[in-house]
Amino acid sequence: MHDAIKFIQGNEVCVEAALYAGINFFAGYPITPSTEIAEQMAVRLPETGGKFIQMEDEISSMCAIIGASLTGHKTMTATSGPGFSLMQEALGYAIMAEIPCVIVNVMRGGPSTGLPTHVGQGDVCQARYGTHGDHAIVTLTASNHHDIFRMTIEAFNIAETYRTPVILLLDEVTGHLREKIEIPEPGKIPLTKRLRTAVKSGVDYHPYLPREDGRLPMSDFGDIHRYNVTGLYHDMWGFPTDKPQIVYGLIRHLVDKIENNTPKITRFRKYYTKDAETLFISYGASARSTLHLVENRRRRGENVGLLELQSLWPFPADIVREACQHVPLVIVVEMNMGQITKEVKLAVDDPKKVFLANRIDGVLITPTDIRNTLRVIQGKGV
Amino acid sequence: MTAKTTILNLTDEEFVHPGNRACSGCGLSIIYRTALKALGRDTILVVPPSCLTVLQGLYPVAATQLPSLNVTFASTAAAATGVLGALRAQGREKTTVAAWAGDGGTADIGLQALSGACERGENFIFFCYDNEAYMNTGVQRSGTTPQHVLTTTTPISGKPQKKKDVPAIMAAHGLDYIATASAAYPIDLYDKTIKAKTFTGPRYLHIHTPCPAGWGFLPQMTVKIGRLAVETGLFDLYEIENGRFRLTGQSAKMLGKKRLPVGDYFKTQSRFKALTDAHIEEIQQDVDRKWNAYENNDSPR
């Protein structure tokens, strides 16, 4: 299939992947550097019978995909830092009401309006902790177009599996980078369909009563079952409650359904890690520069390796601990002030062997930047 | 009444530096420069993300000599409220607080804060420069994008919905002074800004602002396009003063006279390419109905 090979922006890859995953509703609001996702959705979704709506802000974008998802659709929105901040309340609502949806944040340099057209990875902790209250969250990321395609589909699959919003953190540089991508034949990548209830019309349906495996079968809202959805603590019918044992049970369920499935949710790539004496840990666009450096150093016979994280939350502490176990030097490469570095330090046996190589000036970290940090740590001077 | 304002008796003082980062032919450049001359030096600007923040520029190519509070997108009128509160506490009642937002920052994401501030009666002038789409992010439709216009998020057959009438929403708030203006008639805007300063409480100016890049016309046509919008009766210049509606400037001169057909305006811009003859006929009928009401002194508002 000749038209399956495309040379497009990362933002467009995200659109193609969402269509592959079966998206049929997108609501969004223009914001650099994610706007191309909305623009491309406006062209592509109507072609497949889907619905694109430009909303009046990001609060309403997030709420629109919540409503659409409840009625039975696969939904997504895309934004960047300031818009992601506005979405936080509704993100918490989607977590509480267990509504599957995908939120793409093409990160810019922040905080506030920050650097709208420049790169930064400062929203990693916001994805985890941005909305209020105890909760768990799934966050994926990708460093190249092939992986943007896979991770976008994974985001939809995980959202449906665990009835949860999933955040996809992309970078300005990969979002705007043009690169070759081969779109797989339909059916080649497995898709998770929505788990719908087998309960018939007229029979009591419990929207918030988990099955034995923890999953909650859904019924399209407004279809054959009448039920309540709320951001308040709620019982198995969805009605508000303040009974301590139900409140306790619900918050445990919301956190455990994600945290207990960390091994299943975790996605990563390993490059030359088996005999590595220096291990780099990176993700997103930073991982591209890191991989370039690692391959150069390998050619010179240096035992360096890279662990590229593709899922950031729940943090894959076990994978990181295991990868770092026999490595004397760990360098985390990211474009923020060490948001994942802190998690790595918590995960490893000796936090003193963990260092940060970063750039926080709106410029993509280069292999040379990382090499310079490595040489300083090794006491060799730049 | 002082002598009639002309381009010759405007103040020589410039509050906007030349050589800024606006596109060539930018309608905003005209109205920003003119309105600031009317506002004067004792003014504080409150501006959300918009083309104006691009025009205001990156240092050292910074274009405005007045203090400018560049706030978040949804909060222009709210931040202006804070500035006003502090000025009041300091006894600085004379300083003008001017909020200046684009159509998205006024009609869409900014509407809640604007409505709240107007209901509270905050003492500011709110300027909406309406270039009829999100131009700063690359021409996406907004609440004030006219019907059938092609944008990057209405790329196939244009925007299905009609333009949101923001001055009418403001009128429903019972503001003492509301006016529309156009980048093609800067002196009219100057006079209306001077007049707005004579009122207290919330005041609203809605300015039609042609955008060569977003509308699809050559940069030297900005004023011509702006005039055509008025001369075809699509965008009307008026004031609503203490609840009383009155056509002004070129629109007032057109009362009882034959207007240009709306098609003359549409054919000048590539954004109207999706318009069919039936659409144009329908819009012409809408415009005719509106003007019949004007002529029968039966304000549509």
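Any value given below was found using the heavy atoms of this structure, including those in side chains, with hydrogens, waters and symmetry copies removed. In the text below, chain A, chain B and the rest are named by the order of the sequence lines, each starting its count at 1.
- Under a 3.5 Å cut-off, the side chain of A/Q54 and the backbone N or O of B/R141 do form a donor-acceptor pair.
- At a heavy-atom cut-off of under 4.5 Å, chain B is reached by A/D57, A/E58 from residues 57-80 of chain A, listed in order of number.
- Comparing A/M41, A/Q40, A/E56 by how many heavy-atom pairs each has under 4.5 Å with chain B, the most go to A/E56.
- Chain A is approached within less than 4.5 Å, heavy atom to heavy atom, by B/G104, B/D108, B/I109 from residues 101-109 of chain B, ordered by number.
- By a heavy-atom distance cut of under 4.5 Å, B/T72, B/F73 are the residues of residues 68-80 of chain B near chain A, going up by number.
- The environment of A/K51 atom NZ is sparse: at most 12 non-hydrogen atoms of other residues, nucleotides or ligands sit within 6.0 angstrom.
- Inspection of non-hydrogen atoms places A/Y29, A/P30, A/I31, A/T32, A/T35 of residues 17-36 of chain A under 4.5 Å from chain B.
- The 12-atom threshold is not exceeded at CD of A/E89, counting heavy atoms of other residues, nucleotides or ligands nearer than 6.0 Å.
- Residue A/Q88 places its CD atom among more than 12 non-hydrogen atoms of other residues, nucleotides or ligands, all under 6.0 Å distant.
- The two residues B/T153 and A/A42 come nearest to each other via the heavy atoms O-CB, 3.6 Å.
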